[in-house]
S.K.: 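This is the structure I want to talk about, given as structure tokens.
Computed from a predicted structure; not experimentally measured. Residues: numbered from 1 along the sequence shown.
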Amino acid sequence: MELAYIPSPSRGVIHLGPVPLRGYAFCIIIGVFVAVWLGNKRWIARGGRAGTVADIAVWAVPFGLIGGRLYHVITDYQLYFSEGRDWVDAFKIWEGGLGIWGAIAFGALGAWIGCRRRGIPLPAYADAVAPGIALAQAIGRWGNWFNQELYGRETDLPWALHITSTADGRMPGYYHPTFLYESLWCVGVALLVIWADRRFKLGHGRAFALYVAAYCAGRFWIEYMRVDDAHHILGLRLNNWTALVVFLLAVTYIVVSAKKRPGREDVVEPGAQPSDGDGDTAAKTEDGGDAGTEDAKAEGKDADAKAEGKDADAEAEDADAKDEAGSAKQS
């Protein structure tokens, strides 16, 4: 019986003349666009202005890429600084190697700078972009498929990943596609955060903390399946410990924040319309018009009606006066 499997691409780069088009880079770029698009929709629904998410992403994305690369290089330094390795490869981000922990930490720093420049609370911004970040991770993981990396133990399951490359000590064979597991998990995390945010009206950074906690829960068991080289502490991979610690911090934040700052921010951006608590701007009416405009129109109609009433009363008084004058003449 022939084994069913997921094939790996024969190569992860296509050359368009002198220009290399890398699958890994495309997945990262597409993920960023999806995150900004969804974040923008959620930000507007919370009462923010269109374009604000993209403006802040100009700070967050570069910081995130730098942080992700730094985490990878530091935790896998032997790939770049051991004997026989070229340290210049540490800068070749297009060949793969981004640590999500460093990317989120430095990306948050960049977002904080962007938010501070706009007078926007970082927790509100983080809540808006959280599901988009999860989807960006889901898309970005397919970059690992192009590079034939991030796979687990050998398996004969129908969805096994067929590794054909021998680079960096890889052994051709059929393995658990942990990149696919994590991609699907991230899609589920995005849906969970969107549902929970609508159901419980999460605010003050709790939607983002939920994303972090849910991602860490999945990353823990997925990381446990991987077979690539990694540093171990007390029998567990370094990333397992990182996922466990970050998970506990995220859950603690949700509990403490809910007690200290319940509810959701009324205003997320200076000068923008306040949120009504359901994700829509309070100033909008059901038919899409401005509530303020409708009130002004109503007041105008009332004023016209009062003016007409006064004119009618004046005419009646004139008529009475004429009748009295006529009666006096007849007398």
Side-chain angles (χ1 to χ4, degrees), residues 35 38-39 42-43 45-48 52-53 56-57 59-61 63-64 67-68 70-71 75 99-116 118-138 182 185-223 233 236 238-269 275 277-279:
L38 181 57
R42 287 172 52 80
W43 185 252
R46 287 287 303 275
T52 297
V53 169
I56 297 176
W59 288 91
V61 172
F63 271 76
L70 279 175
Y71 182 90
T75 56
I100 185 61
W101 315 111
I104 294 298
F106 273 64
L109 175 61
W112 175 80
I113 295 174
C115 287
R116 186 175 177 83
R118 300 287 293 267
I120 292 171
L122 177 61
Y125 180 83
D127 285 341
V129 300
I133 294 175
L135 290 180
Q137 289 178 250
E182 186 168 338
W185 183 269
C186 287
V187 172
V189 170
L191 296 176
L192 170 66
V193 174
I194 291 174
W195 170 81
D197 195 25
R198 291 177 177 175
R199 175 66 177 81
F200 302 105
K201 297 180 176 60
L202 302 176
H204 302 287
R206 289 188 288 275
F208 183 81
L210 175 61
Y211 144 71
V212 172
Y215 172 75
C216 288
R219 180 61 184 266
F220 186 89
W221 66 265
I222 294 170
E223 187 72 25
I233 302 175
L236 288 179
L238 174 60
N239 282 332
N240 280 117
W241 286 108
T242 305
L244 180 60
V245 172
V246 175
F247 172 83
L248 294 175
L249 291 175
V251 172
T252 301
Y253 178 86
I254 293 173
V255 174
V256 174
S257 174
K259 291 181 179 180
K260 289 189 173 183
R261 306 188 70 183
R264 177 187 282 178
E265 301 91 341
D266 292 327
V267 178
V268 297
E269 184 169 1
S275 170
D278 292 322

S.K.: Looking at Ala35 and Gly132, what are the two nearest heavy atoms and their distance?
M.R.: CB-O, 3.4 Å
S.K.: Would you sort out whether Val245 and Trp101 count as a side chain to side chain contact (heavy atoms under 4.5 Å, CB included), showing the intermediate values?
M.R.: CA-CA 11 Å; Val245 172; Trp101 315 111; over 6 Å; no
S.K.: Would a 4.5 Å heavy-atom cut-off, applied to side chains only, mark Trp59 and Arg116 as touching?
M.R.: no
S.K.: Taking the side chain as every heavy atom from C-beta outward, state whether Tyr215 and Val246 have any pair of such atoms under 4.5 Å apart.
M.R.: no
S.K.: Quick one, Asp127 and Val268 - any side-chain contact, counting heavy atoms below 4.5 Å?
M.R.: no
S.K.: Could you work out, with ring pair (Phe, Tyr, Trp, His ring centres under 6.0 Å) as the rule, every residue matching Trp241, not counting sequence neighbours?
M.R.: none
S.K.: Answer yes or no: are there more than 12 heavy-atom neighbours, outside Arg118 itself, under 6.0 Å from its atom CZ?
M.R.: yes
S.K.: Using side-chain heavy atoms (C-beta onward) and a distance below 4.5 Å, is Phe200 in contact with Leu210?
M.R.: no
S.K.: For the atom pair CH2 (Trp112) and CG (Leu122), what is the distance rounded to the nearest 0.5 Å?
M.R.: 9.5 Å
S.K.: Which heavy-atom pair separates Leu202 from Arg264 by the least distance, and what is that distance?
M.R.: O-NE, 3.3 Å
S.K.: Would Arg42 and Asp197 pass as an ion pair if we require N to O under 4.0 Å?
M.R.: yes
S.K.: Taking the side chain as C-beta and beyond, is there a heavy-atom pair between Pro131 and Trp195 under 4.5 Å?
M.R.: no
S.K.: Show the nearest heavy-atom pair for residues Val193 and Ala207, with the distance to one decimal.
M.R.: CG1-O, 3.8 Å
S.K.: Do Trp43 and Ile120 make a side-chain contact, defined as non-hydrogen atoms from C-beta onward lying under 4.5 Å apart?
M.R.: yes
S.K.: Are any of the side-chain heavy atoms of Ile100 and Arg219 separated by less than 4.5 Å?
M.R.: yes
S.K.: Tell me the closest heavy-atom pair linking Cys115 and Ile56, and the distance in Å.
M.R.: SG-CD1, 3.6 Å
S.K.: How long is the span from the OH atom in Tyr125 to the CD atom in Glu269, to the nearest 0.5 Å?
M.R.: 11.0 Å
S.K.: Show, in sequence, the C-alpha distance, side-chain angles and deciding distance for Ile104 and Tyr211, and conclude whether the side chain to side chain contact (heavy atoms under 4.5 Å, CB included) test is met.
M.R.: CA-CA 12 Å; Ile104 294 298; Tyr211 144 71; 3.5 Å; yes
S.K.: Got a sec, which residues hit side chain to side chain donor-acceptor pair (under 3.5 Å) with Ser257, two or more places apart in sequence or on another chain?
M.R.: Arg206
S.K.: Please report the interatomic distance CG(Asn240) to SG(Cys216), rounded to the nearest 0.5 Å.
M.R.: 11.0 Å
S.K.: For residues 249-256, which side-chain donor-acceptor pairs fall under 3.5 Å, sequence neighbours excluded?
M.R.:
{"residue": "Thr252", "atom": "OG1", "partner": "Leu248", "partner atom": "O", "Å": "2.8"}
{"residue": "Tyr253", "atom": "OH", "partner": "His204", "partner atom": "O", "Å": "2.5"}

S.K.: Would you give the length of the straight line joining atom CD1 of Ile222 to atom CD of Glu182, rounded to the nearest 0.5 angstrom?
M.R.: 5.0 Å
